[in-house]
Every structure is written in structure tokens, then in C-alpha cells.
S.K.: 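Here's a structure for you.
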Protein chains: 2
Amino acid sequence: MNDSPLLPDTLAPASPALAQPCPIRDILDRIGDQWSLLVLLTLRPGTRRFNQLRREIDDISKQMLSRTLKQLEQDGLVSRTAYPEVPPRVEYQLTELGHSLLTPVAALVAWAERHQPAVNAARERYQRATER
Amino acid sequence: MNDSPLLPDTLAPASPALAQPCPIRDILDRIGDQWSLLVLLTLRPGTRRFNQLRREIDDISKQMLSRTLKQLEQDGLVSRTAYPEVPPRVEYQLTELGHSLLTPVAALVAWAERHQPAVNAARERYQRATER
DNA sequence: GGGCATAGGTCTACAAACTGGACCGTGAAG
DNA sequence: CTTCACGGTCCAGTTTGTAGACCTATGCCC
């Protein structure tokens, strides 16, 4: 399937780096799910409770927050502590691993802040170009 | 199709901490959509054609690839060049902005590679803990 | 005692997003 | 003449996410 007689691709063939059983893919799938990064960033300042997170992120549904936290806990990025009190209290905080992830994530956030004007300009340019 | 130029995007109303006028949210929503990062990484070695990308990423649907590329182009991260030949040829490549984004992304990928064992260990630990 | 609030979820309909395959037009290969 | 390939788009069906009701168990107020 991959060898086409006419295909003039003088470029490098498929890179094996991003194939299926690839750790990058695996981790990227986790942190690239829209909410995970946001939850991690929200936990950066310190311990948070469930509804506190929900209020801070604001447009995440209970179910997604619950699911996201479960995954993050599963991946060892967040720790969960439930106190068997009667109005239940559950606290989430970053593990050391979670903190270590925030270093590259912070770089990403810095990029976002820095290049936001460029992105916005590109968007406007694109819109003007496609309008006519 | 009918696109009104005044159509507001689908961002939700007010949110406290990582609120709306927050570029982090905005950019994170783009790069956190599972495919964008993967496409950018695949374009890193050089120019790629549409189906070439599709083959390299392999489990992305045509529609999502098309949509993702359109967004990336819109955000000024990728440039698109269509040659009016008869078997149509369209080439995509990273812009300078796109390349600049890959720096922090590379840091993230490095983290993923480095900490993959820790994450896997955490997953196994979690599974054993919840199984009983 | 009865009613309500509170915290952390889960469950359930419903809506939005994504998928895989058909399809398009044109030219070249078999 | 049929088949294939290019870069998409369109449609139907499946998966994923949402909002909101509901649950448990206690303490507070009246």
C-alpha cells in the first residue's frame, strides 16, 4: 500500500517515531485531552477539593472532572485523599511527578502568552483572506 | 456552506481563575485537541502532503486531518500550498511560528519519554490497588 | 421531628464530536 | 474500458461529553 509507482516523494518516508505503540503518543493522548492540563495547572498553587476545582475551572462538567482526576491519579500525577467525614471531604494535590510535568507545561504556557498576538493576527488575516 | 462573519465562537461564559480573557485557555484548547500536536510533530522533519500525513499518523480520519490542518493554518502555525495540477497536490509545512511552538512541545515529549516508566508503574500500582 | 443544606460523586437522558466509507473530477496506467 | 490516485467534502452511525437529577449521611435551624 505504501509503494506507489508514481509517487514522487523524494522526502523521507514515514517516520516510525509516532507509530502506534509509542510512549509519546500514549502520554500525549493523556495530556492532550483538553482538561488534564487545565486541572494540573489549577492544582499548581496547592491542594484543592473537588468542587473547588470545579468552580475554578468553571466550564468542566462534574463527570469530566471526576474522570480526569481519576486518570491523573491513575497516572501518578495527582494524589487523592478522602477524609471519611460526613460532609465528605476529598483533597487533590500534585505528586512530585505531576510537578515535574508542570515544568515543560509552563514552557508551553509561556509560549502561549508570548505568541498570542501572533496567533490572533494570523486568525484575522485568515478570516480576511477567506472572506473574499 | 454559510458562515456568518459575526459568528461568535463557542467559548463558554465567565470563569474565575483560568478565565476567558486568558490566552492560556485559548491556546491550550487548540493544542490540546489530540491531533494538533501530532500533526505539528509529524511536520517537523519537513513538508508533507495530505495523504502522506494521513499515512504517517495512520489513525486519524480524513475529516479530522482536514479540520486540524485548517485550524493550524488559521492560527498561522502551518502553511498550505496547493498546486493546480491534475492529480491535485497540496503541501503543508510549518511556519516559523509553528517551529517556535515545537520547542516547548519538544520539552513535553522529552518529559513523556523520560517519565514513561514512572507513569506505567503508577498505572500498574493503581490497578493492583483497585482490583482487590 | 422535619426540612434543608452540604460534599463528592454516580446515573441518565440528550447533544455534540468523531469515524469510516461513499463520492467528486480528472488524467494516467494497465 | 476499468482502475487507481490526488485532496477533499458529505452523510450516517457510533462514540464522547454535557446538564441535571439523584444518592448518602450528618448537622443546623425551627
Side-chain angles (χ1 to χ4, degrees), chain A residues 1-11 14 20 29-30 32-39 42-43 47-74 78-93 130, chain B residues 1-3 7-15 28-30 32-39 42-43 47-74 78-93 130:
Chain A
M1 182 192 197
N2 209 7
D3 57 337
S4 343
L6 326 170
L7 197 66
D9 59 339
T10 50
L11 287 165
Q20 241 62 350
D29 283 3
R30 274 292 188 285
D33 75 349
Q34 167 95 270
W35 298 120
S36 297
L37 275 189
L38 229 39
V39 169
T42 308
L43 282 172
T47 301
R48 291 286 184 278
R49 297 174 62 173
F50 187 87
N51 279 325
Q52 204 174 356
L53 283 170
R54 210 154 95 78
R55 275 190 297 270
E56 290 192 40
I57 300 182
D58 182 64
D59 56 349
I60 187 173
S61 67
K62 281 179 161 197
Q63 196 176 63
M64 281 318 288
L65 180 55
S66 175
R67 196 181 298 172
T68 302
L69 285 168
K70 213 172 278 175
Q71 281 194 345
L72 293 175
E73 190 198 350
Q74 197 174 146
V78 157
S79 69
R80 176 186 189 273
T81 315
Y83 299 88
E85 300 170 359
V86 169
R89 180 161 60 100
V90 181
E91 291 186 343
Y92 293 93
Q93 65 180 323
T130 51
Chain B
M1 62 186 71
N2 176 21
D3 53 342
L7 191 68
D9 60 19
T10 55
L11 288 177
S15 77
L28 239 47
D29 282 2
R30 274 292 186 288
D33 75 350
Q34 169 94 267
W35 297 120
S36 298
L37 275 188
L38 230 39
V39 169
T42 308
L43 281 173
T47 300
R48 290 287 183 277
R49 296 174 61 176
F50 186 87
N51 280 324
Q52 204 174 357
L53 283 170
R54 212 157 92 78
R55 277 190 296 269
E56 290 192 43
I57 301 183
D58 181 65
D59 56 349
I60 187 172
S61 67
K62 281 181 160 197
Q63 197 175 64
M64 280 319 287
L65 179 55
S66 175
R67 197 180 300 172
T68 303
L69 285 168
K70 212 170 281 176
Q71 280 194 344
L72 292 175
E73 191 198 350
Q74 196 175 145
V78 157
S79 69
R80 175 184 189 274
T81 315
Y83 299 87
E85 300 169 359
V86 169
R89 182 162 58 100
V90 180
E91 291 186 343
Y92 293 94
Q93 65 179 322
T130 51

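Residue numbering restarts at 1 for every chain, and letters A, B, ... go by the order of the sequence lines. For the numbers below, each heavy atom of this structure counts, side chains included, while hydrogens, waters and symmetry mates do not. If you're wondering where the values come from, they're calculated on a predicted model, not measured in any experiment.
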S.K.: Measure from CD1 on B:I57 to P on C:dC18 and round the result to the nearest Å.
M.R.: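 In whole Å, C:dC18 P and B:I57 CD1 are 15 Å from each other.
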
S.K.: Minimum heavy-atom separation for A:L69 and A:F50, please, with both atom names.
M.R.: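 In this case the closest contact between A:L69 and A:F50 is CD1-CD1, 3.8 Å.
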
S.K.: On the nucleotide D:dT9, are OP1 or OP2 found under 4.0 Å from the side-chain N or O atoms that B:K70 carries?
M.R.: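 Yes, because at least one side-chain N or O of B:K70 sits under 4.0 Å from OP1 or OP2 of D:dT9.
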
S.K.: Pick out which of B:Q52, B:R80, B:R48 makes a side-chain hydrogen bond (donor to acceptor under 3.5 Å, both in side chains) with B:Y92.
M.R.: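 Filter result, single survivor: B:R80.
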
S.K.: Does B:R67 reach a base, just sugar-phosphate, or nothing at all? Heavy atoms under 4.0 Å.
M.R.: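 Touches sugar-phosphate only.
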
S.K.: Where the side chain of B:K62 is defined as all heavy atoms beyond and including C-beta, which of C:dG25, D:dG8, C:dC18 is the nearest nucleotide?
M.R.: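 Within the option list, the nearest is D:dG8.
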
S.K.: Given the structure, check if the side chain of A:Q63 and the base of C:dT12 hold any donor-acceptor pair shorter than 3.5 Å.
M.R.: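 Between C:dT12 and A:Q63, which were checked side chain against base, a qualifying N/O pair under 3.5 Å is present.
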
S.K.: Rounding to a whole Å, what distance do you find between B:Q52:CD and D:dC6:P?
M.R.: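 These atoms are roughly 10 Å apart.
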
S.K.: With a 3.5 Å distance limit and no angle check, can you tell me whether A:T68 reaches the backbone of A:M64 through a side-chain donor-acceptor pair?
M.R.: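 Flag set: sc A:T68 to bb A:M64 pair under 3.5 Å.
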
S.K.: Could you tell me the separation between the CD1 atom of A:I60 and the P atom of C:dG9, rounded to a whole number of Å?
M.R.: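 After rounding, the reported distance stands at 13 Å.
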
S.K.: Which heavy atom of B:R30 sits nearest to which heavy atom of B:S36, and what is that distance?
M.R.: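 Taking every non-hydrogen atom into account, O-OG, 3.2 Å.
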
S.K.: Please tell me which of the listed nucleotides, D:dC6, C:dT19, C:dG8, lies nearest to the side chain of B:S61?
M.R.: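 From the listed options, C:dT19 comes nearest.
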
S.K.: Does OP1 or OP2 of D:dG8 have a side-chain N or O of B:Y92 closer than 4.0 Å?
M.R.: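 Result: yes.
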
S.K.: Once you apply a heavy-atom cut-off of 4.0 Å, does A:E85 come out as touching a base, just sugar-phosphate, or nothing?
M.R.: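 Answer is nothing: A:E85 stays at 4.0 Å or more from every strand.
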
S.K.: Looking at B:S66, I'd like to know whether one of its side-chain N or O atoms comes within less than 4.0 Å of OP1 or OP2 on D:dT9.
M.R.: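 Answer is yes, contact under 4.0 Å.
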
S.K.: Within this structure, what is the CG-to-P distance between A:L38 and D:dG17, rounded to whole angstrom?
M.R.: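 My rounded result for the distance is 15 Å.
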
S.K.: Output the single nucleotide from D:dG8, C:dT19, C:dA7 whose closest atom is nearest the side chain of A:P87.
M.R.: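 Nearest nucleotide to the side chain: C:dA7.
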
S.K.: So what does B:Y83 hit on the nucleic acid, given a heavy-atom distance under 4.0 Å: a base, only sugar-phosphate, or nothing?
M.R.: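 If one applies the 4.0 Å heavy-atom cut-off, B:Y83 turns out to touch nothing in the nucleic acid.
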
S.K.: Just to be sure I understand the rule, does A:R54 reach a base, reach only the sugar-phosphate, or reach nothing, if contact means heavy atoms closer than 4.0 Å?
M.R.: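 The residue A:R54 makes no contact with any strand.
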
S.K.: Within less than 4.0 Å of OP1 or OP2 of C:dG9, is there a side-chain N or O belonging to A:R49?
M.R.: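 Checking C:dG9 against A:R49, no side-chain N or O comes under 4.0 Å of OP1 or OP2.
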
S.K.: Given that A:P88 and A:W35 both sit by DNA chain D, which one's nearest nucleotide is further toward the 5' end?
M.R.: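 Taking each residue's closest nucleotide, the earlier one in sequence belongs to A:W35.
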
S.K.: Provide, to the nearest angstrom, the distance between the CG atom belonging to A:L69 and the P atom belonging to D:dG17.
M.R.: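 The distance from CG of A:L69 to P of D:dG17 comes to 15 Å, rounded to the nearest Å.
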
S.K.: Give the minimum heavy-atom separation between B:Q71 and B:D33, together with the two atoms involved.
M.R.: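 That closest heavy-atom pairing would be OE1-OD2, 3.8 Å.
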
S.K.: How far apart are the closest heavy atoms of B:L38 and B:T42, and which atoms are they?
M.R.: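 Closest heavy-atom pair between B:L38 and B:T42: O-OG1, 2.6 Å.
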
S.K.: Taking atom P of C:dG8 as reference, at what distance in whole Å does atom CG of A:L53 sit?
M.R.: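 In whole Å, C:dG8 P and A:L53 CG are 9 Å from each other.
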
S.K.: When the distance from CZ of A:R48 to P of C:dG8 is rounded to whole Å, what number comes out?
M.R.: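 A:R48 atom CZ is separated from C:dG8 atom P by 13 Å.
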
S.K.: Taking only the side-chain heavy atoms of A:V86 (C-beta and beyond), determine which of D:dC6, C:dG8, D:dA25 contains the nearest atom.
M.R.: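 In terms of side-chain proximity for A:V86, the closest of D:dC6, C:dG8, D:dA25 is D:dA25.
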
S.K.: In this structure, how many angstroms lie between the P atom of C:dA16 and the CE atom of A:M64, rounded?
M.R.: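 That distance rounds to 17 Å.
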
